2 protein chains.
Amino acid sequence: MRQTDKWKQTHMNIQIAATRADLPVKTVRYYDDIGLVCPDRLGNGYRDYSARDVNILQFLGRSRSLGFSIEDCRQLLSLYEDHNRASSDVKAIAERHMIEIDKKIKELKAMRETLGNLVTNCHGDDRPDCPILDGLANPDQE
Amino acid sequence: MRQTDKWKQTHMNIQIAATRADLPVKTVRYYDDIGLVCPDRLGNGYRDYSARDVNILQFLGRSRSLGFSIEDCRQLLSLYEDHNRASSDVKAIAERHMIEIDKKIKELKAMRETLGNLVTNCHGDDRPDCPILDGLANPDQE
DNA sequence: ATTGACCTTCCCCATACTGGAGGGTTTAAT
DNA sequence: ATTAAACCCTCCAGTATGGGGAAGGTCAAT
């Protein structure tokens, strides 16, 4: 049986699990190292991922792609697995993260605007005078 | 003479230089380590910053605050000091950086929207059912 | 038996600093 | 003159999230 035919197995090596979760093998190994997803081990020392492990890896992949930190993910995961959780706890984490994202967007937009002004004013030819450098050297000059 | 009265000196210790450039002392020392701003040294080994060094530190602070990487800053600095530069070289760096910023803004906005939808749908009370966790577990479900 | 594709651990690398330990120097006050 | 505070120095380790690669064990197919 080839590795790539093992789609219906419930136990698999790291590469198959990583492929199913759409994550790099290195990342999956890292998540084991830091105690996020620690699969069973086979007699030869190989990691042995279950279908449930893969589910959790996918959950992590999606959480990370939404920008949650590893520590946020750890909390979300623990809530995910706690069927007595309060949804307000989840919402609090997500809202806190949303505020962070909004803050970053705002910062980037401010940078982008300043930079855009400088770039617009720079003719960008062979001559040395450059409003971008002038602006970086002294932002208060007009 | 107190340190804080040394505003008119053209040679100063690291703390005064850092204060003038509005940068942490640690950062200024780091910029020396990586060869960005390497001041003279006094007989006792202390760094001795000139007014010109402070200018450059300010230039760096502003460039960094616009999100330029240290390596970008190194190039901008070298152009800043090269009076035969072509402004097009500066503009190219700035435009490349602007594209990066635009990309990040776009990514963050996408995250923010997805997250906003999840948060909006979560009632956020004591009950365990939670659209946020559901969305993270399976993003394709409605 | 061998080859190639797996798997393992371990260590270094990246960004741009930040914190702290351990120790020398200068300044101000006594 | 002494002492304490406030400087300064270098070096090491850590942050977050993995990526790259070496050295070596295992497995499947030829």
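Source: prediction; values computed, not measured. Numbers restart at 1 for each chain; the letters A, B, ... are given by sequence-line order, proteins then strands.
With sequence neighbours left out, the salt bridge (Lys or Arg N to Asp or Glu O under 4.0 Å) criterion links Arg62(B) to no other residue. Residues forming a side chain to side chain donor-acceptor pair (under 3.5 Å) with Glu100(A) (at least two apart in sequence, or on another chain): none. Not counting sequence neighbours, Asp48(A) has no partner by the salt bridge (Lys or Arg N to Asp or Glu O under 4.0 Å) test. Asp129(A) is linked by a side chain to side chain donor-acceptor pair (under 3.5 Å) to His123(A), counting only residues two or more places apart in sequence or in another chain. In this structure, Glu113(A) has no salt bridge (Lys or Arg N to Asp or Glu O under 4.0 Å) partners at least two apart in sequence or on a different chain.
One end of the helix from dA1(C)-dT30(D) to dT30(C)-dA1(D) points its axis 30° away from the other end's axis, with each axis taken from 5 pairs and the angle rounded to 10°.
The heavy-atom pair separating Cys130(A) from Ser87(B) by the smallest distance is CB-CB, 3.8 Å.
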Expected rows: protein N/O vs nucleotides 19-21 of chain C N/O, under 3.5 Å:
from    : atom 1 : to       : atom 2 : distance (Å)
dG19(C) : N7     : Lys26(B) : NZ     : 3.0
dG19(C) : O6     : Lys26(B) : NZ     : 3.1
dG20(C) : O6     : Lys26(B) : NZ     : 2.5

Could you write out each protein N or O paired with an N or O of nucleotides 24-27 of chain D at a distance under 3.5 Å?
from    : atom 1 : to       : atom 2 : distance (Å)
dG25(D) : N2     : Tyr46(A) : OH     : 3.0
dT26(D) : O4'    : Tyr46(A) : OH     : 3.4
dC27(D) : OP1    : Asn44(A) : ND2    : 3.1

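The backbone N or O of Leu115(A) lies less than 3.5 Å from no partner atom in the side chain of His97(B), so there is not a single donor-acceptor pair. Between the side chain of Asp125(B) and the backbone N or O of Arg127(B), at least one donor-acceptor pair lies under 3.5 Å.
Taking side-chain N and O atoms only, Thr27(A) has a distance below 4.0 Å to OP1 or OP2 of dG19(D). In this model, the phosphate group of dT10(D) is approached by a side-chain N or O of Arg41(B) to a distance below 4.0 Å at OP1 or OP2.
Non-hydrogen atoms lying under 4.0 Å from DNA chain D are contributed by Arg64(A), all within residues 48-67 of chain A.
By the 4.5 Å side-chain criterion applied to Ile, Leu, Val, Met, Phe, Trp and Tyr, Leu42(B) is assigned to a cluster that also includes Tyr46(B).
Residues in residues 73-94 of chain B take part in these salt bridge (charged side-chain N to carboxylate O under 4.0 Å, His left out) pairs, two or more places apart or across chains: Arg52(B)-Glu81(B), Glu71(B)-Arg74(B).
The Tyr31(B) side chain lies nearest to dC17(C) when the options are dC17(C), dC8(D), dT8(C). Looking at the side chain of Tyr30(A), the nearest of the listed nucleotides dT17(D), dC6(C), dT10(D) is dT17(D). If you check dT10(D), dT9(C), dG19(D) against the side chain of Arg29(B), the one that comes closest is dT10(D).
Asp33(B) has its CG atom 13 Å from the P atom of dT18(C), to the nearest Å. Look at CD on Gln15(A): it is 17 Å from P on dG4(C), rounded to the nearest Å. If you measure from atom CG of Asn13(A) to atom P of dT8(C), you get 7 Å, rounded to the nearest angstrom. Distance Met12(B) CE to dC7(D) P: 16 Å, rounded to the nearest Å.
A distance of 5.5 Å separates CG of Leu76(A) from OG of Ser63(A), quoted to the nearest 0.5 Å.
Within the 4.0 angstrom heavy-atom criterion, only backbone atoms of the sugar-phosphate kind lie near Ile14(B); the bases stay farther away.
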Show me the donor-acceptor pairs within less than 3.5 Å that the side chains of residues 27-37 of chain A make with the rest of the protein, sequence neighbours left out.
from     : atom 1 : to       : atom 2 : distance (Å)
Asp32(A) : OD2    : Arg41(A) : NH2    : 3.2
Asp32(A) : OD2    : Arg47(A) : NE     : 2.7

